[in-house]
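Here's the structure, in structure tokens; my notes come after.
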Amino acid sequence: MTEARGSAAPPARHTPGTPCWVSLMVHGMAATQEFYGSLFGWEFVPGPQQLGPYVRALLDGQEVAGIGQLPPDRHLPVAWTPYLASDDIDLTAETVRLCGGTVGVGPLDAGEAGRLVIGSDPSGAVFGVWQTAAHFGISVAGVPGTPAWHELLTVETASVAKFYETVFGYEEEPVVSADFDYVTLHVDGRPVAGLHGVGNDLPRDRGPHWMTYFEVADAAAAAHLLVDLGGHVLRPPHDSPHGLVATVADPEGARFSLIENPH
């Protein structure tokens, strides 16, 4: 992670390409809500049911994330998925296909909330696309319990960066280093996501995947609480240029990061 988003609240309508939502599909809805509610202080309200049971997580009444029920016959990985904003989701879906990606779900209407696509980039990493109608997406940022950053862990960044740049119009800022393969994606001059090429360090059981960083007030305390709640610490809190970071997993195995972000 080379950049972090500021603490200002996001605008009501997210600029195309900006991560605007994050969603998790799980087997046990009740247990998952209990876990994240205890970890982040989230409360839950019903959301669109087009893909099955779904709830929106609220922090002090503001929407921060979604949790949905995986169909019992679908053996999909349990993983947090970032949604990137689009003003024309049909065009975005077509561009994903033309650029070597795959559209697995959609475009479909999520009631009156908006329209969604779930796709994957040419390396196989899954991401979502959201076109706003009534539901604008994440409505608070920069406080504990909110997504702070999204980072793609992939083998190498060169080819996949071109995919995201073409589909979403990002400007790229690569890290100039012989031994560190990292590209920061910008929208309107603002860093919104990162691509990290980790080569053979990519987990063999995972393949390329997006990682969501959630802000916490105290990374060590949050990691300890997470274990008490049945989660797992994959990499204990360690220093980064943007504060302490821990890589963790929830009880169903969904991986995410905790970041103690000094403002």
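Counted within 6.0 Å of CD on Q62, heavy atoms from surrounding residues, nucleotides or ligands total more than 12; the atom is thus considered enclosed. By the 6.0 Å contact criterion, CG on D60 is open, its count of non-hydrogen atoms from other residues, nucleotides or ligands being 12 or less.
Ring pair W42/F40 is tilted by interplanar angle, where 30° to 60° counts as tilted. Using a 30° and 60° split on the angle between ring planes, W210 and Y164 fall in the perpendicular class, above 60°. In this structure, F168 and F127 have perpendicular ring planes: the angle between them is above 60°, well past the 30° mark.
Using a distance-only test at 3.5 Å, with no hydrogens or angles considered, no donor-acceptor pair links the side chain of E151 to the main chain of T212. Checking side-chain atoms of T92 against main-chain N and O of S86 turns up no donor-acceptor pair under 3.5 Å. Looking at T18, its side chain never comes within 3.5 Å of a backbone N or O of C20 through a donor-acceptor pair. Between the H27 side chain and the P71 main chain, no donor and acceptor come within less than 3.5 Å of each other. Distance alone, capped at 3.5 Å, is enough to place a donor-acceptor pair between the Y170 side chain and the G17 backbone. A distance-only check finds no donor-acceptor pair linking the side chain of Q69 to the backbone of G52 [under 3.5 Å]. Put simply, the side chain of E156 never gets that close to the backbone of T154: no donor and acceptor are under 3.5 Å apart. Proximity of a side-chain donor or acceptor of D121 to a complementary backbone N or O of S123 within less than 3.5 Å is detected. Put simply, the side chain of Q49 gets close to the backbone of Y54: a donor and an acceptor are under 3.5 Å apart. A distance-only check finds a donor-acceptor pair linking the side chain of H238 to the backbone of P236 [under 3.5 Å].
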Before giving the answer on side-chain hydrogen bond (donor to acceptor under 3.5 Å, both in side chains), spell out for E173 and Y182 the whole-Å C-alpha distance, their side-chain angles and the decisive distance to 0.1 Å.
-> CA-CA 9 Å; E173 183 183 313; Y182 200 99; over 6 Å; no
Might you work through the side chain to side chain contact (heavy atoms under 4.5 Å, CB included) test for L244 and I259, ending with a clear yes or no?
-> CA-CA 6 Å; L244 287 174; I259 179 163; over 6 Å; no
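To the nearest 0.5 Å, the span separating CZ on R255 from NE2 on H209 amounts to 6.0 Å.
Salt bridge present: R115 and D90 bring a charged side-chain N and a carboxylate O closer than 4.0 Å.
Taking 4.5 Å as the limit, some side-chain heavy atom of L185 sits within range of a side-chain heavy atom of L195.
Taking the six-membered ring where the residue is Trp, the centroids of F256 and Y36 are separated by under 6.0 Å.
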